[in-house]
Amino acid sequence: MEIKKKATIYDIAKELNISSGTVYRALNNKGRFSKETQKKVLETAERLNYSINHTAQALRRNPVTVGVILCCPVPQFLNEIEQGIRVGFAEIENYNVFADIRVLSGVNAEQRVEEIFSYLNDFEANGYYAAILFLSGSTDKFIERIEKLGGKGIKIVTIVNDVPCKNRIFHVAADGFSAGAIAAEFLGLCCPNGKTAILTGNKSTYIHEKNINGFLAAAKENSIVGVDVYEHNDEPALVSRLLKEIFYGEKRYDGVYISTASTITAYQFLKKLSGETLPKIVTTDLFSENVKLLEARIAKASIFQAPYKQGKEAVKKLYRYITGGTVKEFEKIAPILVLRSNLDSFVVNEND
């Protein structure tokens with residue numbers, strides 16, 4: 001006899017194309033909803049083999065709070081992560097799961113060590129259930145403190161840049177290795193037997209390391225004959241200097257892969273580029289600067305890594321974990337190659 005997989009509130013909501021909050025209210029006979037909606041919800045719940053999650057019910061009596069620390073030198077990227085997290089928590093607010101969000105914009109984590117330690121101490125002192133952490137740059141100074149926090153029962157979740165500690169329950173990020181490999185394959189097609197430059201942040205940062213390794217792994221099999229890596233450490237002045245070296249220095253590159261959100265910083269330089277001899281440029285993500293470069297045909301492609309989705313997915317997975325569900329240790333968001341030809345429709349739906 002085949003056993004049906006038990007459904008969740010999210011499955012019912014998706015089936016009926018309504019919000020998970022409406023499903024919750026209809027199932028628990030509280031709040032505002034129509035009788036017709038409740039009838040459809042109950043019928044669908046039975047058909048999909050839905051049963052009440054007693055852990056989720058317990059949250060109504062004992063609400064939990066999740067501490068969130070978001071630290072990134074690129075405000076546009078940080079804002080999309082934060083938006084995804086806030087929407088994720090708004091969707092589960094009816095289940096008594098709340099967030100205390102602390103944001104440090106315009107800096108890397110190693111520049112705000114004491115503040116981040118203070119936030120972590122607050123989470124511990126207030127008995128928070130979990131901590132969601134996006135700490136850009138080097139995380140070496142935080143590993144010991146985060147492990148101690150995890151050892152005291154606080155669940156650790158990381159986004160974008162992993163903190164490799166033993167008490168982290170899962171990590172959500174774009175598949176950086178795949179993003180790098182996509183960039184290498186695309187540039188190999190655009191400029192076969194060409195030489196390429198990679199402009200990145202800190203090479204030792206988890207996500208940047210994955211981008212570089214993915215590119216290097218795919219370079220040889222995609223007819224790229226040489227790769228130079230330029231590291232700017234999120235310093236705007238250094239970004240400008242390295243761009244001048246890449247585009248006007250003694251070395252001549254056929255392709256350039258900007259593997260971080262530094263396209264925003266680089267935009268003022270890149271928008272002035274023109275001519276048939278311009279190297280083929282691949283950028284990362286879809287901020288307004290990337291879009292303008294694609295529309296002007298200065299950049300040939302951009303690799304979208306869905307920061308909004310990363311934030312929202314982290315919250316969704318954490319709720320699944322809280323209510324007894326199974327979660328993968330690594331949730332990789334598939335990167336998407338965006339060209340000028342599919343840009344308009346894609347940007348409209350970038351937060352879906």
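Positions are given from 1, in the same order as the sequence printed here.
A distance of 15.5 Å separates OG1 of Thr139 from CZ of Arg145, quoted to the nearest 0.5 Å. The CD atom of Glu15 sits 10.5 Å away from atom CG of Asn17, with the distance rounded to the nearest 0.5 Å. Separation of atoms OG (Ser240) and CZ (Phe269) is listed at 8.0 Å; rounding is to 0.5 Å. Expressed to the nearest 0.5 Å, how far CZ of Arg340 lies from CG of Leu343 amounts to 8.5 Å. Here CD of Glu43 is found 3.5 Å from NZ of Lys39. Values are rounded to the nearest 0.5 Å. The distance from the CD1 atom of Ile246 to the CG atom of Leu199 is 5.0 Å, given to the nearest 0.5 Å.
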Working for side-chain contact (heavy atoms from CB on, under 4.5 Å), residues Asn211 and Ile198: CA-CA 10 Å; Asn211 290 148; Ile198 300 175; over 6 Å; no
Test salt bridge (charged side-chain N to carboxylate O under 4.0 Å, His left out) applied to Glu329 and Arg168, step by step: CA-CA 9 Å; Glu329 183 178 0; Arg168 193 246 306 114; 3.1 Å; yes
Just do the ring-ring contact (aromatic ring centres under 6.0 Å, His included) check on Phe215 and Tyr257 with the steps written out, would you? CA-CA 9 Å; Phe215 191 97; Tyr257 171 37; 5.5 Å; yes
List the steps and the verdict of side-chain contact (heavy atoms from CB on, under 4.5 Å) for Val327 and Ile169. CA-CA 9 Å; Val327 297; Ile169 57 173; 5.8 Å; no
Check step by step if side-chain contact (heavy atoms from CB on, under 4.5 Å) holds for Tyr267 and Ile298. CA-CA 11 Å; Tyr267 175 71; Ile298 293 171; over 6 Å; no
Could you walk me through whether Val68 and Phe89 pass side-chain contact (heavy atoms from CB on, under 4.5 Å), step by step? CA-CA 11 Å; Val68 181; Phe89 276 108; 4.2 Å; yes
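Counting non-hydrogen atoms of neighbouring residues, nucleotides and ligands closer than 6.0 angstrom, the NZ atom of Lys40 reaches no more than 12 such neighbours. Counting heavy-atom neighbours within 6.0 Å of Arg297 CZ, excluding the residue itself, gives a total of 12 or less. Within a 6.0 Å radius of NZ in Lys317, more than 12 heavy atoms belonging to other residues, nucleotides or ligands are found.
For the pair Glu231 (side chain) and Lys203 (backbone), a donor-acceptor distance under 3.5 Å is present. Looking only at distances, no side-chain donor or acceptor of Asp100 sits under 3.5 Å from a matching main-chain atom of Gly67. Distance alone, capped at 3.5 Å, is enough to place a donor-acceptor pair between the His232 side chain and the Thr200 backbone. Of the possible polar contacts, none joining the Glu289 side chain to the Ala266 backbone as a donor-acceptor pair under 3.5 Å is found. Between the side chain of Ser34 and the main chain of Thr37, a donor-acceptor pair closer than 3.5 Å is present. Judged by distance alone, with hydrogens and angles left aside, the side-chain atoms of Ser19 form a donor-acceptor pair with the main-chain N or O of Thr22 at under 3.5 Å. A side-chain donor-acceptor contact under 3.5 Å links Asn167 to the backbone of Glu147. Judged purely by atom type and a 3.5 angstrom limit, His208 uses its side chain to pair as donor or acceptor with the backbone of Asn202. Under a 3.5 Å cut-off, the side chain of Ser223 and the backbone N or O of Asn193 do not form any donor-acceptor pair.
Within the 4.5 Å cutoff, no side-chain heavy atoms of Lys328 are placed close to those of Phe170. Using a 4.5 Å heavy-atom threshold, the side chains of Glu313 and Glu331 count as touching. Within the 4.5 Å cutoff, no side-chain heavy atoms of Asn290 are placed close to those of Gln76. Side-chain contact between Val338 and Leu286 is present, with at least one heavy-atom pair separated by less than 4.5 Å. Side chains of Ile81 and Gln310 form a contact here, defined as non-hydrogen atoms less than 4.5 Å apart. Using a 4.5 Å heavy-atom threshold, the side chains of Val41 and Ile18 count as touching. Side-chain contact between Val97 and Leu318 is absent, with no heavy-atom pair separated by less than 4.5 Å. Using a 4.5 Å heavy-atom cutoff, the side chains of Ser302 and Leu294 are in contact.
Ion pairing between Glu82 and Arg86 holds under the 4.0 Å rule for side-chain N and carboxylate O. By the 4.0 Å N-to-carboxylate-O rule, Lys195 lies close enough to Asp228 to be salt-bridged with it. Under a 4.0 Å N-O distance rule, the pair Glu91/Lys316 does not qualify as a salt bridge. Under the 4.0 Å criterion applied to side-chain N and carboxylate O atoms, Glu124 and Lys148 are not assigned as salt-bridge partners.
At a threshold of 4.5 Å between side-chain heavy atoms, the hydrophobic network of Ile, Leu, Val, Met, Phe, Trp and Tyr places Val229 and Val239 in two separate groups. Side-chain heavy atoms closer than 4.5 Å link hydrophobic residues (I, L, V, M, F, W, Y) into clusters, and following such links, possibly through other members, connects Ile322 to Tyr24. One hydrophobic cluster, built from ILVMFWY side chains closer than 4.5 Å, holds both Tyr10 and Tyr321. In this structure, Leu187 is not a member of the same hydrophobic cluster as Leu270, with clusters built from ILVMFWY side-chain heavy atoms closer than 4.5 Å. A chain of hydrophobic side-chain contacts below 4.5 Å, direct or via other Ile, Leu, Val, Met, Phe, Trp or Tyr residues, connects Ile12 to Ile92.
The cationic group of Lys300 does not satisfy the cation-pi geometry with Phe186, failing either the under 6.0 Å distance to the six-membered ring centre or the 45° limit from the ring axis.
The hydrophobic cluster containing Phe330, built from Ile/Leu/Val/Met/Phe/Trp/Tyr side-chain heavy atoms closer than 4.5 Å, also comprises Tyr206. Apart from Ile154 itself, the hydrophobic cluster it occupies contains Ile69, Leu104, Val107, Val113, Ile116, Phe117, Tyr119, Leu120, Phe123, Tyr128, Leu133, Leu135, Phe142, Ile143, Ile146, Leu149, Ile156, Val163, where clustering links Ile, Leu, Val, Met, Phe, Trp and Tyr at side-chain heavy-atom distances under 4.5 Å.
A pairwise comparison of heavy atoms in Thr284 and Thr263 identifies N-OG1, 4.1 Å as the closest pair. Contact record, Cys190 with Lys280: CB-CG, 3.8 Å, taken as the closest heavy-atom pair. Across every non-hydrogen atom of Ala26 and Gln38, the tightest pair is O-NE2, 3.0 Å. Across every non-hydrogen atom of Ile207 and Val160, the tightest pair is CB-O, 3.7 Å. Closest heavy-atom contact between Leu339 and Ala301: CD2-CB, 3.6 Å. In terms of heavy atoms, Ala314 sits closest to Val157 at CB-CG1, 4.4 Å.
Inspection of the Asn108 and Ser136 side chains reveals an N or O donor paired with an N or O acceptor under 3.5 Å.
Under the 30°/60° scheme for interplanar angles, the aromatic rings of Phe287 and Phe77 are found to stand perpendicular.
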